[in-house]
Amino acid sequence: MAKRFHLGWFTNFATDEWNGPFSNGGDPWNGKFYVEMAQALERACFDYIMFEDKLAISEIYGGSSEAVLKHGLGMVPKGDPAPLCAMIAGATSKIGIVATLSTLGYPPYLLARLCSTIDSLAEGRFGWNIVTSAENAAAQNFGLDELPPRELRYDMAYEYLDLVIKLFNSWEPDAVKRDRENGVYADFRKVHTINHEGRFFKSRGPLNCVRSPQGVPALIQAGASPKGRAFAAQYADAVVAVNQGTKAMKEFRDDIRARAAAAGRDPDDVKILYLIAPTLAETVEEAQAKYARMASAPSFIEMNLCLISSITDIDFKAFDLDKPLPGKLTTNGEQGSLDSFQQWGSGKTLRQLVTEASGGLVSSVELIGTPETVAERMGEVMEEVGGDGFLITTPHLGVNRRVIHEVTDGLVPALQRRGLMRTEYGEKTLRGNLKAF
Ligand SMILES: Cc1cc2nc3c(=O)[nH]c(=O)nc-3n(C[C@H](O)[C@H](O)[C@H](O)COP(=O)(O)O)c2cc1C
């Protein structure tokens, strides 16, 4: 019997693809495009749809916001994912919905109340993608001159998580009585102050909203540095991973699982989902031609360079496309994403780094083919890696309805025929579905 794996979709509340031959978008701001997308993914039994987020318009690529705004695809403009998730919650009933919310931007109390409220609206299907933000421009929107160093960001994130989890738990599970006979809505003895006073934060508690169905909403995290991994191993229900090739994927998973065990958790409670960007068509040759067409489009390279520039605070416009990068690059931003992208030591030119394997930035393995051949390969990859699933995405996160339906009505049925993916939801909550296998 084949071992089932989990499937999510990694996107953002940005423009849907607006100027390709099969797109007519660019105006998703009333949320309806993403509601429809979530409904399609729910029909296909996805574990969750997740919305990444950033809190600034980047001016790193070429020293200006011109390129990112001109393309209008991928990183800006971008709406706040939290209200979108609430809207999706009302229009779906089974799929998990994950918003990225930054510990840099939200005071812990507001974040805990927001997540708890959305989890109630979603009846236990909400997840929080925990990020610390990784760009100076974001820090400058919140009163800082620059981004704190990574170590300090993670120190702050640890305390932040400790605090919000105390807030989530400030209402005991049976605090709400709705006892008509004795006239008691909530029992004050089961709602507690937390009196948190730490190095960075101070909060009295309790939350002033009721405990949500999951109590602590599902926690999702992406981070590849040793501190990032330790953090994921301690808190995450699911980890967003990008590793080049099955060997690196397996090493990453083994490491997170070992760290989770060392932190006293059951490693099976931490699911690793790897980003992939499959290209699907009727035949393998057509899929290859489709990929080649996409990767050679004039805007493809620039959009990917904008993306990697904005998440690393490094101007990739300054490098020669037809030469390898001049040296090993480091950043106070997304180092894990940068390492995955730069493939240091491979000798590849920048053009190769951008155009191979879906831009290198998002894809863990190359998947170009028919629904059948790609499903087969995904099964083999999971077999080699050990688990736990994939996060579907597209090179610069742009989606159109055709891309979505190639997956929901082509790839997913092919996975289901192989017994690799669920055909119905077994549990009511996001965490329940993640833990089911
Ligand atoms: C695939 C992936 C997706 C990410 N998505 C976001 C995001 O949506 N918003 C954000 O601020 N940071 C995002 N990050 C950044 C991470 O949260 C983290 O800050 C960053 O990877 C630096 O940590 P590290 O050095 O441990 O990798 C993402 C990272 C990765 C690898």
Side-chain angles (χ1 to χ4, degrees), residues 8-14 48-58 74-76 78-82 84-85 96-108 110-112 114-115 118 126-142 144 146-165 200-201 216-242 256 270 272-273 275 307-308 310-313 331-340 361-362 391 393 397:
W9 194 306
F10 183 84
T11 185
N12 54 17
F13 189 8
Y48 57 87
I49 180 169
M50 81 180 273
F51 296 93
E52 69 86 36
D53 197 30
K54 296 284 176 195
L55 295 167
I57 292 184
S58 176
M75 301 313 271
V76 293
K78 190 144 62 182
D80 189 317
L84 180 64
C85 287
I97 312 155
V98 178
T100 297
L101 300 166
S102 171
T103 56
L104 181 81
Y106 281 88
L110 277 184
L111 179 130
L114 180 64
C115 289
I118 306 178
F126 183 64
W128 168 33
N129 180 34
I130 309 161
V131 299
T132 55
S133 287
E135 317 76 32
N136 285 327
Q140 286 156 6
N141 284 336
F142 292 91
L144 301 172
E146 58 178 18
L147 195 65
R150 178 178 300 105
E151 296 286 309
L152 180 61
R153 292 206 305 276
Y154 275 119
D155 285 348
M156 293 173 80
Y158 269 104
E159 191 189 322
Y160 195 111
L161 257 287
D162 177 40
L163 164 53
V164 294
I165 287 172
F200 306 103
F201 306 105
V216 179
L219 300 176
I220 317 288
Q221 203 259 358
S225 65
K227 270 214 160 174
R229 292 175 183 215
F231 187 83
Q234 182 162 345
Y235 292 111
D237 295 292
V239 179
V240 183
V242 199
I256 296 280
V270 191
I272 317 295
L273 271 65
L275 280 175
L307 190 61
I308 187 75
S310 60
I311 64 177
T312 57
D313 280 347
T331 175
N332 184 30
E334 294 191 24
Q335 184 66 46
S337 305
L338 178 60
D339 287 340
S340 169
L361 194 56
V362 292
L391 270 175
T393 190
L397 293 124

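What you see below is based on every heavy atom in this structure, not just the backbone, and it leaves out hydrogens, waters and symmetry mates.
Between Leu147 atom CG and Gln140 atom CD the span is 9.5 Å, to the nearest 0.5 Å. Put simply, CG on Leu161 and CG on Leu219 are 6.5 Å apart, with the number rounded to the nearest 0.5 Å. For the atom pair CD of Glu334 and CG of Asp339, the computed distance is 11.5 Å after rounding to the nearest 0.5 Å. Asn129 contributes atom CG, which lies 3.5 Å from atom OG1 of Thr100 (distance to the nearest 0.5 angstrom). Atom CG of Asp53 is separated from atom CG of Leu101 by 7.5 Å, given to the nearest 0.5 angstrom. We find the CZ-CG distance between Phe200 and Asp162 to be 12.5 Å, quoted to the nearest 0.5 Å.
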From CA spacing to verdict: side chain to side chain contact (heavy atoms under 4.5 Å, CB included), Tyr106, Val164: CA-CA 11 Å; Tyr106 281 88; Val164 294; over 6 Å; no
Full working for side chain to side chain contact (heavy atoms under 4.5 Å, CB included) between Val76 and Lys54: CA-CA 9 Å; Val76 293; Lys54 296 284 176 195; over 6 Å; no
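Closest heavy-atom contact between Arg150 and Gly333: NH2-O, 2.8 Å. For the residue pair Ile97 and Cys85, the shortest heavy atom distance occurs at CG2-SG, 3.3 Å. Across all non-hydrogen atoms, the minimal contact from Thr331 to Thr312 is OG1-O, 2.6 Å. Residues Val270 and Ile256 come closest through the heavy atom pair CG1-CG2, 3.9 Å. Shortest non-hydrogen contact noted between Ala157 and Thr132 is CB-CG2, 3.7 Å. Pairing each heavy atom of Lys227 with each of Asp155, the nearest pair is NZ-OD1, 2.6 Å.
Inspection of the Ser102 and Ser133 side chains reveals an N or O donor paired with an N or O acceptor under 3.5 Å.
Remark: side-chain polar atoms of Arg153 are paired, donor with acceptor, to backbone N or O of Asn332 under 3.5 angstrom.
Here the rule is side chain to side chain donor-acceptor pair (under 3.5 Å) with Glu52, and of Thr11, Asn12, Thr393 only Asn12 fits it.
At least one side-chain heavy atom of Ser310 sits less than 4.5 Å from a side-chain heavy atom of Met75. You'll find the side chain of Tyr235 stays beyond 4.5 Å of the side chain of Gln221, heavy atoms only. Counting heavy atoms from C-beta outward, Leu273 and Phe10 have side chains that stay 4.5 Å or more apart.
Between Phe201 and Tyr160, the two ring planes are perpendicular [angle over 60°; tilted spans 30° to 60°].
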